[in-house]
Protein chains: 2
Amino acid sequence: MTHIQLRPPTMADVARLAGVSHQTVSRVLGDHPNVRDETRAKVLHAIEEMGYRRNSSARALATRRTRTLGVVASNTTLYGPASTLFALEEAARAEGYVVSTVSLRRLTVETLSEALAHLSEGGVEGVIALAPQRSAVEALAELRHPFPVVAVGTGSGVEIPSVNVDQHLGARLATGHLLASGHRTVWHLAGPEDWQEAADRAEGWRSTLEEAGVEPPLPLGGDWSPLSGYRAGQELAGWVGRGLTAVFVANDQMALGVLRALREAGVRTPQDVAVVGFDDIPESEFFAPPLTTVRQDFATVGKRSIGLLLDLIEGRTPSGTSRIAIEPQLVVRASTFPYIPQPGAAPG
Amino acid sequence: MTHIQLRPPTMADVARLAGVSHQTVSRVLGDHPNVRDETRAKVLHAIEEMGYRRNSSARALATRRTRTLGVVASNTTLYGPASTLFALEEAARAEGYVVSTVSLRRLTVETLSEALAHLSEGGVEGVIALAPQRSAVEALAELRHPFPVVAVGTGSGVEIPSVNVDQHLGARLATGHLLASGHRTVWHLAGPEDWQEAADRAEGWRSTLEEAGVEPPLPLGGDWSPLSGYRAGQELAGWVGRGLTAVFVANDQMALGVLRALREAGVRTPQDVAVVGFDDIPESEFFAPPLTTVRQDFATVGKRSIGLLLDLIEGRTPSGTSRIAIEPQLVVRASTFPYIPQPGAAPG
DNA sequence: GACGTCATTGTGAGCGCTAACAATTGATGG
DNA sequence: CCATCAATTGTTAGCGCTCACAATGACGTC
């Protein structure tokens, strides 16, 4: 317990001890030029001695800048959102901003609106919304807020600035890879209908098939969980031998469930059915078999999002609707080839 | 883009419009009694009309309360930290606090100290440190900070208030379960030496064996990743038939790697070797085979941590060193029994 | 030697809010 | 009918900082 309970020292206290004016202390702290070295030293010494720390509220009040950004997110224990959150915070900190987060269980108009109000109370200068559900995105555009908002993972069809991994492209990579491997058609296990990313992946899969002159089979639906993948996998197993040889699953966790269901049904992967996932979670490489999947670059998403938000805050970017798209990448592993690459060697 | 770029209205503006004093506006906002209903209505109406929001910096300056808590964490994309973070934020928000997070790549004295400084700049009233590495914990006790700090996941051997899942107990549950199932001894794949939780789990395993009169085999070491588990698993496979029939792995991700290595070596789980993990990540139920593991209640960890920190801040708890321990729970699945329970039915 | 120039430091006025106290009003009761 | 009190509202000071500007002093120039 090394913490002081007494009234903390103010700039004036430091100034008194150093024998200068409070303004000079402020200059030293603000790294202004035109402060004599000797004076600077005196001030720094006094600061050290008193253990002085600038009061952020007073500073924020005087400058009208809190240097705080907000993030609203849901499903933060999933790999994607967690990775994005991490990248976001790191990028913001590099720019000297503090990040306040609100993690929602469910993303609805009400919870989103409460979250924005909560962050507003916290004095954020802008907000990043990790709002993958369509409903939430629409709500975002409606809500009134006294700061700029950047949407991430909402798809590009929204009326607010946004940053997205190109889901459509990712789905094309996955589906195209399966077709190129010789499969006549590709089935699809989609994510929840309400998610824009799920819709984009499904659309990418569908258009790739159509362009190849193949009639897309009826897609199945899941809720991102391994359990829903397992259930869908049981259904898919029933179609083996009746045209099903390849499945594109909308995320890795569901793919895990699918793999297990197929295995239990005596269906071999990839010999009987090839499987591709989406996300490249750290576990994917160690599934049975290791999973071919689509990797999203969350670090870049984070950096670009913060960059865009700061541009908006500083007024560097006209507050029109900017959209940034980031390319995903196909990672090929054993679930689509009849051999098992060495773990640790394969991942790029 | 529904955001106002003009100078936002102040309390005085609202007061003018409502024909009252700014203090009356403050009273309405602060839910003070002794405000006539009619007046309150006028004020609320004016607030609504102008889209007024209280300036948090001014408020914080006047009250000397920022109502902001800080969290320092590392490895936030792992299931455990991510879950704890989520629970922490939810608990803090329920108490009306905003949470600012710093996610570190590596936890060292320097990064920790920078993180605390950064949060201090952000005006936090207290900090939760998710600091599982021993070195970091020691640093925490040394560092000077102007606010209370609660350590989470540090083990109880620290000189600062802390909240922990009882790792020792968790390891006893896992090891005891294997011994009770008839195994003569249990091997152990430990986490990184520097992590207190890894040490506690190893110690729990060791003492359980010793109390059963069994000489503990030499434990292996990993870095929590599936890859390190895979490598250790290859080594463990070499000991099958020479006394190895059961392994307690320090986390689920490494257990995943172990399962794969064993499978590749032609070793069957659980018939030849039983495996127990730790954490109960959502995927564990769908491993091949579904993994017996130890579940930690992160929600409770979050709630208790915030509770303790607020007690410290409000001075409700004497700033002595409080320690809170939370019990983990064994979840039995197919990796320790020769049958496969139905997914979706088994998990409690 | 008077003047301008630059570097350095100090002074005063807020930023927008809440806390403490003062003032006003209306109701109550002897 | 006036003292008394509670309910309601207003007034005045800061909270600790930064900004704009004023003041000071050292130096060089013509």
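Computed over heavy atoms, backbone and side chain alike; hydrogens, waters and symmetry mates excluded. Numbers restart at 1 for each chain; the letters A, B, ... are given by sequence-line order, proteins then strands.
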A:Val35 vs B:Ala62, nearer the 5' end of DNA chain C by closest nucleotide =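 By nearest-heavy-atom nucleotide position, the 5'-most residue is A:Val35.
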Expressed in angstrom and rounded to an integer, what is the separation of [X] atom [atom1] from [N] atom [atom2]?
X	N	atom1	atom2	answer
B:Ile47	C:dC17	CD1	P	10 Å
A:Met11	D:dG16	CE	C1'	8 Å
A:Leu61	C:dA13	CG	P	18 Å
A:Arg7	D:dC15	CZ	C1'	9 Å
A:Arg16	C:dG10	CZ	P	14 Å
B:Arg27	C:dT18	CZ	C1'	10 Å
A:His22	D:dG16	NE2	P	13 Å
B:Arg59	D:dC17	CZ	P	20 Å

Does [X] make a side-chain N or O approach to OP1 or OP2 of [N] shorter than 4.0 Å?
X	N	answer
B:Asn34	D:dT8	yes
B:Thr39	D:dT9	yes
B:Arg65	C:dT18	no
A:Thr10	D:dG16	no
B:Ser26	C:dT18	yes
A:Thr63	D:dC17	no
B:Thr24	D:dG10	yes
B:Arg36	D:dT8	no

Is [Y] paired with [X] through a side-chain N to carboxylate O contact shorter than 4.0 Å?
X	Y	result
B:Glu125	B:Arg64	no
A:Glu89	A:Arg93	yes
B:Arg59	A:Glu121	no

Check: B:Val20 and B:Val25 side chains under 4.5 Å, non-hydrogen atoms =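 Result yes, sub-4.5 Å side-chain heavy-atom pair found.
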With a 4.5 Å limit on heavy-atom distance, are the side chains of A:Tyr97 and A:Leu310 in contact?
->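 Of all side-chain heavy-atom pairs linking A:Leu310 with A:Tyr97, at least one is under 4.5 Å.
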Please work out if A:Ser57 contacts a base, only the sugar-phosphate, or nothing of the nucleic acid, heavy-atom cut-off 4.0 Å.
->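 Nothing, no nucleic acid heavy atom in range.
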Base, sugar-phosphate, or nothing for A:Asn55, non-hydrogen atoms under 4.0 angstrom?
->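 The residue A:Asn55 makes sugar-phosphate contact but no base contact.
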Can you check whether any acceptor in the base of D:dG16 is under 3.5 Å from a donor in the side chain of B:Arg64, or vice versa?
->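 No such pair is found, so the answer is no.
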